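Reviewing the structure listed below.
All values below come from the heavy atoms of this structure, side chains included, with hydrogens, waters and symmetry mates left out. Bear in mind the structure is a predicted one, so any value in this text is a computation, not a measurement.
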Amino acid sequence: LRGYDAAIVSFEPINERVLAALPQLKVVAKLGVGLDKVDPAAMQKYGVRLGWAGGVNRRSVAELALCLMLMGLRHVAPVVADMKAGKGPLPILGRELSACTVGIHGCGFIGKEVVKLLRPFGCKVLACDILDMGDFYREHGVEAVSFEELLARSDVLSVHLTVTRKTRNIYDAAAFAHMKKNAVFVNTARGLLVDEAALKGALINGPIACAGIDAFAVEPPADMEFLALPNLIPTPHAGACTVDARIAMGR
């Protein structure tokens with residue numbers, strides 16, 4: 001980027017080291033919505049402006065979250081694997097999303113979109129957020145709860161948080177231990193929100209039944225034993241990977 005006034009970046013880091021080497025750079029535009037690779041203090045220090053629009057991939061990520069919920073409740077992944085292996089499995093009794101209580105952790109752009117997608121199912125929806133979303137909750141019939149209530153009451157729990165000092169590894173062994181037996185856990189946000197060793201233990205030993213994970217602490221993840229668990233549905237950070245979302249991010 002030496003010699004350029006402006007840059008469009010995706011996953012590339014914009015930090016002290018990079019900005020110190022680019023004295024001509026004046027503005028960075030972010031293709032995407034995650035800002036974890038951008039150091040705001042360094043940008044302020046060097047007088048570089050940021051062009052960014054939040055939530056442009058909300059529908060794409062929300063639809064994948066809904067997909068992972070349904071796959072988990074209906075045991076789609078292990079049944080498909082057995083069918084392809086020629087095992088001819090008997091159907092497994094699953095659960096209907098409409099009969100579940102769904103918890104949304106983080107009710108920002110994507111969390112709100114998930115709430116809207118859930119409305120036709122008629123399921124009970126809980127939400128936990130540090131901000132007051134009272135107007136939205138009342139409009140969509142959502143019950144605001146604490147983190148502890150969210151863990152204890154959700155049949156399906158979908159995470160839509162950003163990574164901060166307070167949220168890093170917020171889903172640890174203690175959190176999983178407080179979840180319902182046979183709960184489905186979905187994370188389409190950031191891998192660093194989850195202690196993956198604790199999640200692995202919860203999937204092997206309980207209490208949770210299944211996890212749909214689109215974001216890992218290290219990508220691609222290296223723990224093949226973890227990825228091979230029959231009750232883990234792993235996807236390769238594909239939440240925003242639709243033609244529609246890419247066009248929206250580009251615009």
Side-chain angles (χ1 to χ4, degrees), residues 6-15 27-40 43 49-72 76 97 102-121 125 127-131 133 135-137 139-140 142 156-164 167-168 170-171 184-194 196 211-221 232-251:
I8 300 172
V9 301
S10 182
F11 295 110
E12 295 76 22
I14 301 298
N15 53 29
V27 61
V28 170
K30 168 69 177 175
L31 177 67
V33 299
L35 295 177
D36 16 341
K37 299 280 189 177
V38 177
D39 182 343
M43 294 195 73
R49 300 180 67 195
L50 175 67
W52 172 82
V56 291
N57 65 355
R58 69 187 81 177
R59 176 52 68 105
S60 178
V61 179
E63 286 188 0
L64 180 62
L66 180 63
C67 171
L68 293 172
M69 292 179 199
L70 292 167
M71 288 182 70
V76 170
L97 182 57
V102 179
I104 308 295
H105 197 177
C107 208
F109 290 117
I110 296 169
K112 286 185 175 71
E113 200 71 17
V114 174
V115 170
K116 293 174 184 176
L117 290 177
L118 289 171
R119 288 197 71 174
F121 291 89
V125 179
C128 175
D129 198 288
I130 59 172
L131 299 178
M133 303 285 185
D135 291 343
F136 178 83
Y137 294 161
E139 180 184 355
H140 295 278
V142 175
V156 178
L157 201 163
S158 189
V159 183
H160 304 284
L161 299 174
T162 56
V163 178
T164 68
T167 62
R168 190 183 182 103
I170 190 171
Y171 283 91
V184 172
F185 178 73
V186 174
N187 180 20
T188 54
R190 287 290 181 265
L192 292 175
L193 299 167
V194 178
E196 289 176 359
I213 305 296
D214 188 48
F216 293 85
V218 176
E219 295 176 337
L232 175 71
I233 309 167
T235 51
H237 211 132
C241 290
T242 64
V243 172
D244 315 81
R246 291 298 169 88
I247 290 172
M249 288 191 289
R251 286 175 177 158

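- Between R190 and D36, at least one side-chain N (NZ, or NE/NH1/NH2) sits under 4.0 Å from a carboxylate O, which counts as a salt bridge.
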* To do: Check the pair V61 / F109 against side-chain contact (heavy atoms from CB on, under 4.5 Å), numbers first and verdict last.
  => CA-CA 10 Å; V61 179; F109 290 117; over 6 Å; no
* Asked: Is there a side-chain contact (heavy atoms from CB on, under 4.5 Å) between V28 and R49 once you walk through the steps?
  -> CA-CA 6 Å; V28 170; R49 300 180 67 195; over 6 Å; no
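- Within a 6.0 Å sphere centred on CG of L50, heavy atoms belonging to other residues, nucleotides or ligands number more than 12.
- Two residues are said to be in side-chain contact when any heavy atoms from C-beta on lie closer than 4.5 Å; L97 and L118 meet this criterion.
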* Could you walk me through whether D244 and R59 pass side-chain contact (heavy atoms from CB on, under 4.5 Å), step by step? => CA-CA 9 Å; D244 315 81; R59 176 52 68 105; over 6 Å; no
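- For S60 against C241, the heavy-atom pair with the smallest separation is OG-N, 4.0 Å.
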* To do: Decide side-chain contact (heavy atoms from CB on, under 4.5 Å) for H140 and K116; before the verdict, give the C-alpha distance in whole Å, the side-chain angles of both, and the deciding distance to 0.1 Å.
  => CA-CA 8 Å; H140 295 278; K116 293 174 184 176; 3.9 Å; yes
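- Counting heavy atoms from C-beta outward, S158 and H105 have side chains that stay 4.5 Å or more apart.
- Only one option out of I130, L193, I110 pairs with L161 in a side-chain contact (heavy atoms from CB on, under 4.5 Å); it is L193.
- V159 and A189 make their closest contact through O-CB, 3.7 Å (heavy atoms, listed as atom of the first residue, atom of the second, distance).
- Side-chain contact between M133 and V142 is absent, with no heavy-atom pair separated by less than 4.5 Å.
- Side-chain contact between P234 and F216: present, with at least one pair of heavy atoms (C-beta onward) separated by less than 4.5 Å.
- Between N57 and A240, the shortest heavy-atom contact is ND2-CB, 3.6 Å.
- The closest donor-acceptor contact from the side chain of T188 to the backbone of A65 lies at 3.5 Å or more, if one exists at all.
- Side-chain N or O atoms of K112 include one that pairs as donor or acceptor with a backbone N or O of C107 at under 3.5 Å.
- We find the CD1-OH distance between I104 and Y137 to be 9.5 Å, quoted to the nearest 0.5 Å.
- Residues V115 and F136 have side chains in contact (heavy-atom distance under 4.5 Å, counting atoms from C-beta outward).
- Side-chain contact between I14 and D39 is absent, with no heavy atoms from C-beta onward closer than 4.5 Å.
- Nearest heavy-atom pair across G191 and E196 is O-OE2, 4.4 Å.
- Within the cation-pi definition used here (under 6.0 Å to the ring centroid, within 45° of the axis), K30 qualifies as a partner of F11.
- Counting only distance, with no hydrogens or angles, the side chain of R251 and the backbone of A248 share no donor-acceptor pair below 3.5 Å.
- No donor-acceptor distance shorter than 3.5 angstrom exists from the side chain of T167 to the backbone of I170, with no hydrogens or angles considered.
- The closest side-chain heavy-atom distance from L157 to Y171 is below 4.5 Å.
- In terms of heavy-atom proximity, L117 sits nearest to E63 at CD1-N, 3.8 Å.
- Of the possible polar contacts, one joining the E12 side chain to the S10 backbone as a donor-acceptor pair under 3.5 Å is found.
- Residues F185 and V194 are in side-chain contact: their nearest non-hydrogen atoms beyond the backbone lie under 4.5 Å apart.
- Taking CG of N15 as the reference point, atom CE of M43 lies at 11.0 Å (rounded to 0.5 Å).
- Checked by atom type and distance alone, the side chain of D214 pairs as donor or acceptor with a backbone atom of G239 at under 3.5 Å.
- Here the closest non-hydrogen pair linking L192 and A217 is CD2-CB, 3.9 Å.
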* Apply side chain to side chain donor-acceptor pair (under 3.5 Å) to H237 and T235, showing your working. => CA-CA 6 Å; H237 211 132; T235 51; over 6 Å; no
